[in-house]
Amino acid sequence: MQNAVILHGNGDKEEYYSPGYPSASNSHWIPWLQKQLLIKDISAHTPEMPQSHTLNYAVWSREFERYDITPKTILVGHSSGAGFFVRWLSEHKDVFVGKVVLVAPWIDPFREETTDFFDFEIDPQLVNRTAGITIFESDNDSKSTTQSTNILKEKILNSKSVLFSGYGHFTSVDLGNVEFPELLEEIIK
């Protein structure tokens, strides 16, 4: 059975603990995408990473590994969630997955915000263990995310990149709503 894991990025501590914000796994386009995949009979999971603002790789790995990861598993990551998938797949060379879509991937290229979360070597042959890797980038994202995207495009051989104009960091505010049809189309084609 085909399944999907959709992984959020990290927010700041104030947002994480504020009752006025939804949990990260229920933010932006993530719930909409989950529902669209469920309608297509793709079991879609949106794990909530505990204390995601701290970016603890061991904690994120433990939470992610609760799910069945098979050659039919679709992985969709946003921001540091996308960066997590790159690291996890780079370090698990025996794992094969389905399509991987990295939305505004962030790997903290200037090491301004993280300690060891992104301390890893990117596997340049990563695509060979997937049904394809697509990187979604925007022409008006942050300098740090743009640099992350450039690094990933250079190091992950045979990945595909799609450039959007004016989509910022692909948040609901940047997109103008919670729907992200271009992402759904990329996943199901």
Side-chain angles (χ1 to χ4, degrees), residues 4-11 24-25 27-34 37 44-49 52-57 59-61 63-65 67 69 73-92 95 97-114 116-124 126-127 129-164 167-172 174-175 180 182-187:
V5 179
I6 308 163
L7 189 54
H8 62 78
N10 66 303
S25 64
S27 295
H28 310 299
W29 42 263
I30 292 173
W32 176 85
L33 180 62
Q34 180 183 32
L37 294 175
H45 306 281
T46 60
E48 183 69 35
M49 294 300 164
S52 57
H53 58 280
T54 63
L55 286 173
N56 182 318
Y57 182 74
V59 170
W60 284 47
S61 293
E63 290 298 315
F64 171 64
E65 290 168 1
Y67 298 92
I69 308 301
T73 301
I74 300 162
L75 299 177
V76 179
H78 179 233
S79 193
S80 56
F84 169 82
F85 282 148
V86 173
R87 177 176 178 177
W88 194 90
L89 290 168
S90 290
E91 293 180 349
H92 292 82
V95 175
V97 297
K99 193 172 279 192
V100 177
V101 183
L102 308 172
V103 180
W106 183 72
I107 55 172
D108 195 13
F110 309 117
R111 293 300 183 265
E112 296 172 331
E113 298 182 39
T114 62
D116 65 346
F117 193 84
F118 293 117
D119 187 17
F120 73 103
E121 293 293 322
I122 297 169
D123 177 5
L126 193 58
V127 171
R129 294 182 287 107
T130 73
I133 295 177
T134 303
I135 299 169
F136 276 19
E137 60 180 315
S138 177
D139 61 2
N140 66 334
D141 207 334
S142 71
K143 180 180 176 186
S144 182
T145 301
T146 299
Q147 183 64 22
S148 294
T149 302
N150 291 337
I151 291 168
L152 295 175
K153 289 189 310 186
E154 176 186 326
K155 294 198 176 207
I156 302 175
L157 304 176
N158 300 313
S159 61
K160 171 184 161 186
S161 176
V162 180
L163 178 65
F164 294 88
Y167 279 34
H169 197 57
F170 297 89
T171 65
S172 55
D174 294 332
L175 297 174
F180 195 174
E182 299 92 339
L183 177 56
L184 178 62
E185 181 182 334
E186 181 65 31
I187 292 168

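Keep in mind it's a predicted model, so treat the numbers as computed, not measured.
- Residues Thr134 and Glu186 have side chains that bring a donor and an acceptor to within less than 3.5 angstrom of each other.
- Listed here is the closest heavy atom pair of Ala82 and Gly77: CB-O, 3.3 Å.
- Leu183 CG to Ile6 CD1: the interatomic distance, rounded to the nearest 0.5 Å, is 8.0 Å.
- The two residues Leu163 and Ser138 make their nearest non-hydrogen contact at CD1-C, 3.9 Å.
- The backbone N or O of Met49 sits nowhere less than 3.5 Å from a side-chain atom of Glu63 that would complete a donor-acceptor pair.
- A heavy-atom distance below 4.5 Å is found between the side chains of Leu89 and Leu75.
- No donor-acceptor distance shorter than 3.5 angstrom exists from the side chain of Ser90 to the backbone of Ile122, with no hydrogens or angles considered.
- You'll find the ring centres of Tyr57 and Phe118 outside the 6.0 Å limit.
- Looking at Ile135, Val100, Val86, Leu102 one by one, the single match for side-chain contact (heavy atoms from CB on, under 4.5 Å) with Ser159 turns out to be Ile135.
- A 4.5 Å side-chain heavy-atom check between Leu55 and Ser80 finds at least one atom pair inside the cut-off.
- The neighbour count for Lys155 NZ, taken as heavy atoms of other residues, nucleotides or ligands under 6.0 Å away, does not exceed 12.
- Between the side chain of Thr149 and the backbone N or O of Glu137, no donor-acceptor pair lies under 3.5 Å.
- Between Phe180 and Phe170, the angle of the ring planes stays under 30°, which puts this pair in the parallel group of the 30/60° scheme.
- Leu184 contributes atom CG, which lies 6.0 Å from atom CG of Leu37 (distance to the nearest 0.5 angstrom).
- Taking the side chain as every heavy atom from C-beta outward, Ser148 and Asp108 never approach each other to under 4.5 Å.
- Closest heavy-atom contact between Gly9 and Ala24: O-CB, 4.3 Å.
- Between Val162 and Phe136 the shortest side-chain heavy-atom distance falls below 4.5 Å.
- Annotation: side chain of Ile69 is in contact with side chain of Val97 (closest heavy-atom distance under 4.5 Å).
- Between Leu33 and Ile187 the shortest side-chain heavy-atom distance falls below 4.5 Å.
- Taking CD of Glu182 as the start and OH of Tyr167 as the end, the distance is 3.5 Å to the nearest 0.5 Å.
- Side-chain contact between Pro47 and Val5 is present, with at least one heavy-atom pair separated by less than 4.5 Å.
- From Leu7, atom CG reaches atom OH of Tyr67 across 9.5 Å, with rounding to the nearest 0.5 Å.
- Between His8 and Ser52 there is a side-chain heavy-atom pair separated by less than 4.5 Å.
- Taking the six-membered ring where tryptophan is involved, the planes of Phe84 and Phe64 are perpendicular, since the angle between them exceeds 60° and thus also 30°.
- With rounding to the nearest 0.5 angstrom, the CZ atom of Phe85 is 13.0 Å from the OG1 atom of Thr130.
- Judged by distance alone, the side chain of His53 and the main-chain N or O of Gly11 form no donor-acceptor pair under 3.5 Å.
- Residues passing the side chain to side chain donor-acceptor pair (under 3.5 Å) test with His169, sequence neighbours excluded: Ser79, Asp141.
- Arg87 places no side-chain N or O within donor-acceptor distance of the main-chain N or O of Ile107, the cut-off being under 3.5 Å.
- Note that the CG atom of Leu157 and the CG atom of Asp123 stand 9.0 Å from one another [nearest 0.5 Å].
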